[in-house]
**Q** 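Please see the structure below; I have some questions.
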Amino acid sequence: MGVTAAVWGAAELAPASPTASGGWEDSLDAYRPDKWHKADGYSNGSMFDCTWRADNAAFAGDGLLTLSLTKAADGRRDGAEYRSSGKYGYGRYEVRMKPAANPGIVSSFFTYTGPSEGEPWDEIDIEFLGKNTTQVQFNYFTNGEGGHEHVADLGFDASREFHTYGFQWSREAITWYIDGKPVHTATDNLPSAPGRVMMNLWNGTGVDSWLEPYDGQAPLYAYYDWVRHTPE
């Protein structure tokens, strides 16, 4: 687990290129449909009070992926989700991002597979709750069993500037990092199924005790600078 800040904080990336370690990195400066998918036209239901729209995952020529939460014609909200076409297993996952700040919303970076993939629900999360972007929440699910939430104080407001977040996932442990520094480790009942790399922005319903009530503010934006996976 001895990852240095220099390794985790590197910011100069070639577009969607393989790495010497056998992993990959994407500078998120353009849509690459052979490697990524924009969710479009459906909702996850339950706590997600929005419909995914492909247009809400956009590249504006500024070298960033921008996920938007916007107001739809029917008064509901349209969110954004960007996911990898491939699935990946043990290793290091990193993102440089700036989440949205507003009660009732979530900006995320995570790995996921589940029943929609014909597999057990395994997931590892980095979630920013818009009600307080001076904190970040870590969590994971193993065959649908969650309840492993851990909230870490950042010492800064994540919505105001870009920082690097990541986790190292192995058979023995998951360790989450902020700007290269380990901040939390889990070792109990860990996920094992390879998953897709996911990023999304959404507003919740029925989860006010977790997210606080959403006040209808829109548009809101989360920004992603780059993403990397290094296999174990």
Side-chain angles (χ1 to χ4, degrees), residues 1 3 8 19 21-26 28 35-40 42-48 50 52 57 65 67 79-97 99 106-129 136-152 164-178 182-202 204 206-207 210-211 222 224 226-232:
M1 299 299 180
V3 183
W8 284 78
T19 62
S21 64
W24 55 266
E25 52 194 25
D26 195 317
L28 297 178
K35 298 181 181 298
W36 298 93
H37 173 72
K38 299 180 180 183
D40 190 44
Y42 65 93
S43 172
N44 283 36
S46 183
M47 70 182 71
F48 293 79
C50 64
W52 305 127
L65 163 64
L67 301 186
E81 183 171 86
Y82 200 63
R83 65 177 72 176
S84 67
S85 300
K87 295 180 182 179
Y88 308 95
Y90 297 122
R92 186 169 67 248
Y93 294 80
E94 303 164 85
V95 67
R96 187 166 178 84
M97 64 176 288
V106 177
S107 310
S108 70
F109 175 75
F110 62 108
T111 57
Y112 169 82
T113 191
S116 61
E117 307 276 348
E119 297 176 350
W121 176 7
D122 278 10
E123 180 174 337
I124 304 174
D125 298 312
I126 296 175
E127 297 174 308
F128 293 91
L129 313 187
V136 61
Q137 177 177 284
F138 307 133
N139 195 14
Y140 65 95
F141 291 81
T142 302
N143 196 19
E145 181 182 337
H148 307 288
E149 294 89 349
H150 175 82
V151 176
T164 303
Y165 309 92
F167 55 86
Q168 182 83 24
W169 173 30
S170 71
R171 292 170 179 80
E172 295 78 27
I174 305 168
T175 297
W176 286 265
Y177 291 78
I178 300 170
V183 294
H184 179 63
T185 296
T187 58
D188 181 52
N189 188 30
L190 301 178
S192 59
R196 302 188 192 280
V197 176
M198 311 274 284
M199 293 160 271
N200 60 27
L201 173 62
W202 53 279
V207 285
W210 179 39
L211 302 183
Y224 296 77
W226 55 259
V227 61
R228 178 192 292 128
H229 170 58
T230 307
E232 189 177 56

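As a basis for the values below, the full set of heavy atoms in this structure was taken, side chains included, without hydrogen atoms, waters or symmetry mates.
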**Q** Fit a plane to each ring of F138 and H184, take the angle between them on a 0 to 90° scale, and name the class: parallel (under 30°), tilted (30 to 60°) or perpendicular (over 60°).
**A**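 F138 and H184: parallel rings.
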**Q** For T164 and V95, what are the C-alpha separation, side-chain angles and deciding distance, and is it a side chain to side chain contact (heavy atoms under 4.5 Å, CB included)?
**A** CA-CA 6 Å; T164 303; V95 67; over 6 Å; no
**Q** Taking the side chain as C-beta and beyond, is there a heavy-atom pair between Q137 and L129 under 4.5 Å?
**A** yes
**Q** Does some side-chain heavy atom of Y177 sit less than 4.5 Å from a side-chain heavy atom of V183?
**A**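 No. Closest side-chain heavy atoms not under 4.5 Å.
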**Q** Please confirm whether the backbone N or O of P120 pairs with a side-chain atom of N143, one donor and one acceptor, at under 3.5 Å?
**A** no
**Q** Any chance the side chains of E127 and S108 put a donor and an acceptor closer than 3.5 Å?
**A** no
**Q** I need the M198 CE to D125 CG distance, nearest 0.5 Å.
**A**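 Rounded to the nearest 0.5 Å, the CE-CG separation comes to 10.0 Å.
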**Q** With under 30° as parallel and over 60° as perpendicular, where do the rings of W202 and W210 fit, or are they tilted in between?
**A** tilted
**Q** Going through the distances and angles, do D26 and W36 end up as a side chain to side chain donor-acceptor pair (under 3.5 Å)?
**A** CA-CA 10 Å; D26 195 317; W36 298 93; 2.9 Å; yes
**Q** What distance do E123 atom CD and E145 atom CD have between them, rounded to the nearest 0.5 Å?
**A** 13.5 Å
**Q** Do the side chains of F110 and I126 get nearer than 4.5 Å, heavy atoms only?
**A** no
**Q** Measuring only between side-chain heavy atoms, which start at C-beta, is W121 closer than 4.5 Å to T142?
**A**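 The answer is no; the side chains never approach within 4.5 Å.
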**Q** Rounded to the nearest 0.5 Å, how far does CG of L190 lie from CD1 of I174?
**A**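 Reported value, rounded in 0.5 Å steps: 5.0 Å.
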**Q** A side-chain contact here means heavy atoms from C-beta on lying under 4.5 Å apart; do Y88 and T111 qualify?
**A** no
**Q** Regarding S84 and R196, do their side chains bring together a donor and an acceptor under 3.5 Å, going by distance alone?
**A** no
**Q** Check the pair Y112, D122 against side chain to side chain contact (heavy atoms under 4.5 Å, CB included), reporting the backbone distance first and the verdict last.
**A** CA-CA 6 Å; Y112 169 82; D122 278 10; over 6 Å; no
**Q** How about W24 and W226: are their ring centroids closer than 6.0 Å?
**A** no
**Q** Please evaluate residues R228 and R96 with respect to the criterion side chain to side chain contact (heavy atoms under 4.5 Å, CB included), reporting the C-alpha separation (whole Å), side-chain torsions for both, the decisive distance (0.1 Å), and the verdict.
**A** CA-CA 9 Å; R228 178 192 292 128; R96 187 166 178 84; over 6 Å; no
**Q** For the atom pair CG (L201) and SG (C50), what is the distance rounded to the nearest 0.5 Å?
**A**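 Going from CG on L201 over to SG on C50, the span is 8.0 Å.
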**Q** Do you know which two heavy atoms are closest between G91 and H229, and how far apart they sit?
**A**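 The answer is CA-CE1, 4.2 Å.
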**Q** State the CD-OH distance between E149 and Y140, to the nearest 0.5 angstrom.
**A** 10.5 Å
**Q** Considering non-hydrogen atoms only, spot the tightest contact between T113 and G195 and give its length.
**A**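 Taking T113 first and G195 second, the nearest heavy atoms are CB-CA, 4.1 Å.
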**Q** Taking atom CD of E172 and atom OG1 of T185, what is their separation to the nearest 0.5 Å?
**A**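 Rounded to the nearest 0.5 Å, the CD-OG1 separation comes to 12.5 Å.
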**Q** Which heavy atom in P182 sits nearest to a heavy atom in T175, and how many Å separate them?
**A**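 Scanning both residues completely, I find the closest heavy atoms to be CB-CG2, 3.8 Å.
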**Q** Any side-chain heavy atom of L65 sitting closer than 4.5 Å to one from M199?
**A**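 Sidechains of M199 and L65: in contact.
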**Q** So, for E119 and P194, which heavy atoms are closest and what is the spacing to 0.1 Å?
**A** OE1-O, 4.0 Å
**Q** Could you go step by step and tell me if V151 and V136 meet the side chain to side chain contact (heavy atoms under 4.5 Å, CB included) rule?
**A** CA-CA 6 Å; V151 176; V136 61; over 6 Å; no
**Q** Within the 4.5 Å heavy-atom criterion, are W169 and I124 side-chain neighbours or not?
**A** yes
**Q** Step by step, would you call E232 with R92 a salt bridge (Lys or Arg N to Asp or Glu O under 4.0 Å)?
**A** CA-CA 7 Å; E232 189 177 56; R92 186 169 67 248; over 6 Å; no
**Q** Does any part of the side chain of E81, heavy atoms only, come nearer than 4.5 Å to the side chain of Y42, both counted from C-beta?
**A** yes
**Q** Which heavy atom of A222 sits nearest to which heavy atom of S107, and what is that distance?
**A** CB-OG, 3.8 Å
**Q** For Y165 together with F128, are the ring centres under 6.0 Å from each other?
**A** yes
